[in-house]
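What follows is one structure encoded as structure tokens, with my remarks underneath.
Please read these numbers as outputs of a predicted model, since none were measured by experiment. As the structure lists them, so they are numbered: ligands from 1, and atoms in each ligand from 1.
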Amino acid sequence: MTLKSITANQLSFVPNQDFVNQANINLQKFNELNKKAQDNYELYWAELAREKIDWHKPFNSVLNQKKAPFFTWFEDGQLSISYNCLDRHVKNNPNKIALIFESDNGQTIKVTYKELLSKVSQFANALKAINVKKGDRVILYLPHSIEAIVAMHASARIGAIHSTVFGGFSSKALADRILDANANVLITADGQHRGGKAMSLKTEVDAAIELLGDKNPIKHVIVDKRINDGKCNFVALRDIWWDDFIANKPTECTPEFMNSEDPLFILYTSGSTGTPKGVQHSIGGYLLGGILSMEWVFDYKDNDIYWCTADVGWITGHTYVCYGPLAVGATQIIFEGVPSYPTYSRFWEIIEKNKVTTFYTAPTAIRALIKAGADLPKNHNLSSLRLLGSVGEPINPEAWKWFYEVVGGSRCPIVDTWWQTETGSNMLSPLPGVQPLKPGSCVAALPGIMAAIIDESGNILDKNNTGYLVITKPFPSQLRTIWNNPDRFISSYFPEEIGHGKYYVAGDSAYLDNDGYFWILGRIDDVLNVSGHRLSTMEIESCLASHPKVAEAAVVGRPHEIKGESVFAFVVTKGGVRPTGEQANSLEKELRDWVGKQIGPIAKPDEIRFGDNLPKTRSGKIMRRLLRSIAKGEEIIQDVSTLENPSILEHLKNKI
Ligand code: PRX
């Protein structure tokens, strides 16, 4: 179906010449890469893999499709990801700073590549001493910290498979993951600092293990002393402090050279069913995706100070904190805290203090910062910034413009990167020295990534037709399977119903505009069908958010007797005062008219609820399933344990 209306702001921003001149990829190189990928797909990837990765044993086999869709890449090659991220930089530049840890309380710790390699090696030796071997699963439940990176790399160094569980998940979620991964070792901390408060993590670990009862596979719990409040419960023979665990262990450890296709990690993510999926990534292909996107999308240069705000517990923290930046030898910020503590200027202070050049964050953080203090960046010298990045959801043009003008001083390109836990690395994004930017568009596929929009039957759609976003050819950083569940891997990503199992189906709807730019409309299940018209919740949200009185909006569908579905909106107003009574009624009318005018009467929300905030996970994702339940007036049965601020639900549930 032809798209009725598109995001209001169709401005385009041409990259400035100074940036283009120094960019790793310019238009000519971009075209050459694309041509190479078109002409000889395997040779294209093989050359890049040989150039960017240090192989212990070179590969001959490039892409093996014999067991499609269980594709393999570089399968007869051997490498160590730990060697590629650490040892090879230590050889050239041992004293370069790898990590700048900015803690919640304002303390800063710097770690060089040499020091990081020692820490990783020592921890790896300690893991070996408790008999952790190649292929064993190790669960990490740690705050965003140097230790989390050390533990991930140490596991990788000895060939163990890590599964990092975000520190905001509940004991139940942790228990489910421990069981599914059947892990013997768990690495955690006594607690974590967030916004000036110390919170226990170890109590969740104890509760998770208790929940597992007889089924508990965990034999060792290693505990980093982070909050040190003297209250940490210890179980004899099972629990050990991090410092005691590594005591007297050598700080050199020969890396285990692994097959390229050996699993590197499992990362659980939610799917369309209630049970999380253990997304399994390989080593060689995943590493290649991380390196190329660091160089191409983030235009990585040796003297950059790079900062990705994602927690290491999510895929962005895996690829764009733990592996990608280290693989290219970057200096990066690891930020423990929250953007609001001690004030809403925290991000801007860190950028100014460390002269950050590259800043990668999420639209939800940007909107929160606009709401709390749109002018605050102006009090800081942010002139070191040269590139901005956005990830996780479509960025509404209003937030884009503020990020571009106020944070980036109208000089920094914004790379709006579309990708997923499953794709391992950026798939769609502008390359900052190549294409003009359009606020809200992820622009184009990276060279070698064959993205397309299809209809259900698998026909590739032309411009301005909404359809399913797919990747038509296997790519190196793609997930390999769902841990313990190959059938779910096939039914989730190569479904018969969409494209007859021929393509990787991302689960997002999207379209290409007249210039061939990609616009992501949201998850398939976030697209509404109102009186037979396809409407994107994202599109209505973006429209609401562009209203001068609106700070943030979320839109879900509510079953409707006549229309099929109706539009239901949740809105947070600017200025922090939630309208009630007559004021709320009049603003509701104003906003309905606004949407009616901007998109069309069909998109007008039937109802708008005003809240102090929207329900979000700790990682900042709006909990849409929860909003759908509220919109339907259902009892909330979802797990709200990852909800940052449960109290806000009351306002959203009742029209007051
Ligand atoms: O719907 C897309 C959205 O986030 C989904 C992937 O979520 P997750 O696996 O948690 O990974 C998030 C970080 C990579 C996608 O299916 N998404 C991600 N990035 C964008 C996006 N939607 C629009 N624009 C983006 N830049």
Side-chain angles (χ1 to χ4, degrees), residues 7 164 166 168-169 265-272 276-281 286 289-290 293 297-298 308-324 360-367 388-397 399-400 403 414-430 437-446 449 451 453 468-471 477-479 482 492-493 504-511 517-527 536-539 541-542 554 616-625 642:
T7 318
T164 306
F166 174 59
F169 276 116
F265 64 82
I266 303 165
L267 183 58
Y268 287 87
T269 187
S270 34
S272 45
K277 302 185 268 197
V279 169
Q280 180 185 316
H281 278 285
Y286 172 79
S293 45
V297 176
F298 296 103
C308 165
T309 62
D311 188 285
V312 84
W314 305 109
I315 191 66
T316 310
H318 279 60
T319 311
Y320 296 105
V321 178
C322 188
Y323 290 111
Y360 190 28
T361 194
T364 179
I366 297 168
R367 289 194 296 266
L388 303 173
S390 170
V391 61
E393 53 176 313
I395 179 166
N396 52 299
W400 195 100
F403 200 32
I414 298 179
V415 287
D416 182 350
T417 58
W418 176 89
W419 60 296
Q420 309 177 294
T421 304
E422 294 86 343
T423 67
S425 60
N426 298 165
M427 296 282 109
L428 306 178
S429 173
L437 309 167
K438 291 188 192 183
S441 166
C442 299
V443 181
L446 267 62
I449 301 299
I453 312 287
Y468 300 96
L469 175 60
V470 296
I471 300 174
S477 70
Q478 189 166 11
L479 82 162
I482 298 291
S492 302
Y493 305 109
Y504 171 82
V505 176
D508 280 333
S509 67
Y511 71 95
Y517 276 42
F518 279 92
W519 293 80
I520 307 293
L521 297 170
R523 299 293 303 177
I524 294 169
D525 38 13
D526 283 334
V527 172
S536 152
T537 55
M538 305 293 175
E539 193 181 355
E541 283 172 15
S542 179
K616 287 178 193 155
T617 62
R618 293 249 181 97
S619 71
K621 274 228 152 100
I622 295 171
M623 299 174 82
R624 284 170 206 284
R625 267 207 309 156
T642 53

*Find all atoms of ligand 1 within a distance of less than 4.0 Å from any non-hydrogen atom belonging to Val391, and give their numbers and elements.*
13 (C), 14 (C)
_Minimum non-hydrogen distance to atom 13 (C) of ligand 1, winning option of Thr316, Leu521, Thr417_ = Thr316
*If you take all heavy atoms of Phe403 and Leu388, which pair is closest and at what distance?*
O-CD1, 3.4 Å
*asked:* Taking Glu393 first and then Arg367, would you say they form a salt bridge - that is, a charged N and a carboxylate O separated by under 4.0 Å?
replied: yes
*Supply the atom-to-atom distance Thr423 OG1 to Trp418 CH2, rounded to the nearest 0.5 angstrom.*
5.5 Å
*Could you tell me which residues satisfy side chain to side chain donor-acceptor pair (under 3.5 Å) with Tyr504, sequence neighbours excluded, listed by chain and number?*
Gln420
*Any non-hydrogen atom of Gly392 lying under 4.0 Å from ligand 1?*
yes
*Of the protein's non-hydrogen atoms, which lies at the shortest distance from atom 8 (P) of ligand 1, and what is that distance?*
Thr421 OG1, 3.6 Å
_Side-chain H-bond candidate by donor/acceptor type, Asp416 with Trp400, under 3.5 Å_ = no
*Minimum-distance protein heavy atom relative to atom 6 (C) of ligand 1*: Trp419 O, 3.6 Å
*Pick one of side chain, backbone, both or neither for how Ile520 approaches ligand 1, counting any non-hydrogen atom pair under 4.0 Å.*
side chain
*Which heavy atom of the protein is the closest neighbour of atom 1 (O) of ligand 1, given with residue, atom name and distance?*
Asp508 OD1, 2.8 Å
*Is ligand 1 under 4.0 Å from a heavy atom in the side chain of Glu393, in the backbone, in both, or in neither?*
backbone
*Going by the order shown, which atoms of ligand 1 are within less than 4.0 Å of some heavy atom of Cys442?*
24 (N), 26 (N)
*asked:* Could you tell me if Thr309 and Thr361 have a donor-acceptor pair between their side chains, going purely by distance under 3.5 Å?
replied: yes
*Listed partners of Thr417 passing side chain to side chain donor-acceptor pair (under 3.5 Å), at least two apart*: Tyr360
_Any nitrogen or oxygen of Thr269, side chain or backbone, less than 3.5 Å from one on ligand 1?_
no
*Could you list the atoms of ligand 1 found under 4.0 angstrom from a heavy atom of Lys621?*
7 (O), 8 (P), 10 (O), 12 (C)
*Considering only non-hydrogen protein atoms, determine which one is nearest to atom 23 (C) of ligand 1 and report residue, atom name and distance to 0.1 Å.*
Pro394 N, 3.1 Å
*asked:* Tell me whether the rings of His281 and Tyr286 are parallel (<30°), tilted (30 to 60°) or perpendicular (>60°).
replied: tilted
_Geometric N/O contact Ser390 with ligand 1, under 3.5 angstrom_ = no
*asked:* Would the distance check show the side chain of Thr269 and the main-chain N or O of Lys277 forming a donor-acceptor pair, the cut-off being under 3.5 Å?
replied: no
